[in-house]
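Structure first, then comments.
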Amino acid sequence: MSEAKATFIRHRSASSQSRQVRYGYVSILNRFEKAVKDCHTGSVRAHHIEEFWYGEGGLSDTCQSQTLGKYRNDMKQFLSFVYRREWNPYGPEILLDGIREKSTKVNRNRYRMTRAELRQLISAAEDPRDIALICFVACTGVRISEALGMRYRDVSLNKGELYVYLPKVKQEVTYPLASDLEAALREWFTAYSTQVGRLKPSFYLFPTMRGRTYAKGGGHTPAGLYNPTNPMQQPRLVLGPIAERAGVELEPGDGWHTVRRSFARILYDDCVAMGHDAALRIVQAALNHASVQTTERYLGLNLERQQFSRIMKGQPFLTADVDPGKIVALDERRAGRG
């Protein structure tokens with residue numbers, strides 16, 4: 001199993017430039033190798049995988065359903081690789097047949113906030129850092145990991161530009177600086193510099209908080225101070241309480257990506273209202289999606305379905321082009337014939 005895993009990881013590393021993707025495969029396959037005690041790849045059967053998933057101390061005890069769905073997809077890629085090389089007589093469909101979580105792509109219309117809800121979310125934040133971060137994602141649509149990777153030097157207030165490095169495509173993209181985001185950043189920079197002094201270009205834009213640590217010779221560093229040399233940790237734990245105070249209900253799986261999806265939908269509706277023919281392409285460029293299908297999934301169809309319902313419900317469709325005065329009810333026509 002260890003040799004098959006190493007060969008698969010080399011194969012994926014050669015075909016994918018994303019370090020995060022490779023890390024995901026390594027993580028789940030290391031756990032699986034340990035669970036089956038590095039047995040021969042050809043002896044792996046469906047009951048081994050089911051025990052790995054649902055047995056005592058298995059994945060289902062420590063992971064949410066969406067994470068399990070991702071792990072299933074990762075295992076499917078590995079088992080397909082093994083099957084094509086005839087290292088196991090059974091394909092992934094048979095070996096994964098007992099796993100309930102089929103995919104991380106949930107077939108429901110994901111939640112998207114309105115402008116008013118986003119403002120409500122920002123108003124509920126208390127720390128100027130958190131206010132600036134929510135405003136940053138809401139006004140740019142960048143992923144939370146991309147926002148947390150930014151430094152102070154990546155913001156140009158004079159030029160009205162933001163310089164965001166995108167690990168997925170390995171390039172830096174220039175974003176326009178919206179006026180409300182500029183105001184939030186200026187307030188944050190004032191609070192930031194008050195604590196740490198002059199802001200250096202290498203300082204993280206959204207730093208973590210220092211914990212209470214004890215120094216040599218006695219004394220300690222009080223908690224609640226920004227640590228400019230490290231980015232914010234566990235941002236989901238920051239957004240959750242803020243959303244609760246704002247009265248915004250985030251379902252399992254919703255979070256910072258909900259803010260990103262909300263940005264996409266608002267931008268799309270604005271482009272349509274302005275009469276832009278390429279509204280979908282504009283949003284695709286803003287989100288840096290390689291595929292327009294991904295952008296369509298981000299936008300969702302909820303509003304369009306509501307419009308469809310208003311147009312159709314209780315209204316004629318096949319006879320919409322017929323003069324209502326010329327339509328005779330079927331029972332009246334039969335009575336006339338009699």
Side-chain angles (χ1 to χ4, degrees), residues 18 103-122 132-147 149-150 154-156 159-185 239 243 246 248-251 253-313 315 317 320:
S18 174
S103 174
T104 56
K105 296 179 181 179
V106 181
N107 293 322
R108 64 180 174 89
N109 191 34
R110 304 304 294 269
Y111 180 49
R112 293 167 184 82
M113 289 180 276
T114 63
R115 273 192 171 97
E117 288 175 316
L118 287 173
R119 291 194 298 268
Q120 188 176 342
L121 190 68
I122 293 171
L133 179 57
I134 297 172
C135 195
F136 191 93
V137 178
C139 291
T140 62
V142 301
R143 299 173 181 85
I144 185 62
S145 59
E146 296 164 352
M150 293 187 63
D154 297 325
V155 177
S156 176
K159 294 183 178 180
E161 294 178 342
L162 306 166
Y163 311 109
V164 185
Y165 179 73
L166 308 178
K168 278 198 170 184
V169 294
K170 291 191 174 182
Q171 67 178 17
E172 187 178 82
V173 176
T174 301
Y175 280 78
L177 181 61
S179 59
D180 36 14
L181 174 56
E182 179 183 352
L185 286 175
L239 184 63
V248 177
E249 296 184 7
L250 296 179
E251 298 180 12
D254 291 332
W256 287 102
H257 234 60
T258 302
V259 182
R260 175 172 160 86
R261 281 193 299 269
S262 303
F263 160 82
R265 184 72 213 205
I266 293 172
L267 178 60
Y268 176 77
D269 290 340
D270 285 352
C271 290
V272 172
M274 293 176 186
H276 291 291
D277 294 333
L280 187 59
R281 293 291 185 182
I282 293 174
V283 179
Q284 180 188 3
L287 296 177
N288 294 284
H289 283 158
S291 169
V292 72
Q293 285 78 18
T294 305
T295 307
E296 289 176 340
R297 187 171 67 248
Y298 261 66
L299 294 176
L301 297 174
N302 186 47
L303 295 182
E304 284 75 7
R305 289 191 178 279
Q306 292 177 8
Q307 294 171 0
F308 167 66
S309 179
R310 286 195 295 268
I311 292 171
M312 292 288 292
K313 194 170 184 178
Q315 300 296 323
F317 183 67

How close do [X] and [Y] get, counting heavy atoms only, and between which atoms?
X	Y	value
Ala138	Phe263	O-CD1, 3.3 Å
Val292	Leu280	CG2-CD2, 3.4 Å
Leu287	Ala264	CD1-CB, 3.7 Å
Ala132	Ala184	CB-O, 4.0 Å

To the nearest 0.5 angstrom, please state how far the [atom1] atom of [X] sits from the [atom2] atom of [Y].
X	Y	atom1	atom2	answer
Glu146	Asp154	CD	CG	12.0 Å
Gln284	His289	CD	NE2	8.5 Å
Tyr165	Lys170	OH	NZ	6.5 Å
Leu299	Arg112	CG	CZ	7.0 Å
Leu267	Cys139	CG	SG	11.0 Å
Leu118	Met113	CG	CE	5.0 Å

CA sep, side-chain torsions, deciding dist, call: Val259, Ile144, side chain to side chain contact (heavy atoms under 4.5 Å, CB included): CA-CA 9 Å; Val259 182; Ile144 185 62; over 6 Å; no
Residues 171-180 vs salt bridge (Lys or Arg N to Asp or Glu O under 4.0 Å), sequence neighbours excluded, gives none
Under 3.5 Å, side chain of Gln120 to main-chain N/O of Ala246, donor-acceptor pair present? yes
Can you check whether Val137's main-chain N or O pairs, donor with acceptor, with Arg260's side chain at less than 3.5 Å? no
Note, [X] side chain near [Y] side chain (heavy atom, < 4.5 Å):
X	Y	value
Arg115	Asp270	yes
Leu162	Val142	no
Leu239	Thr258	no
Val164	Thr140	no
Trp256	Ile134	yes

Ring pair (Phe, Tyr, Trp, His ring centres under 6.0 Å) partners for Phe136, two or more places apart: Phe206
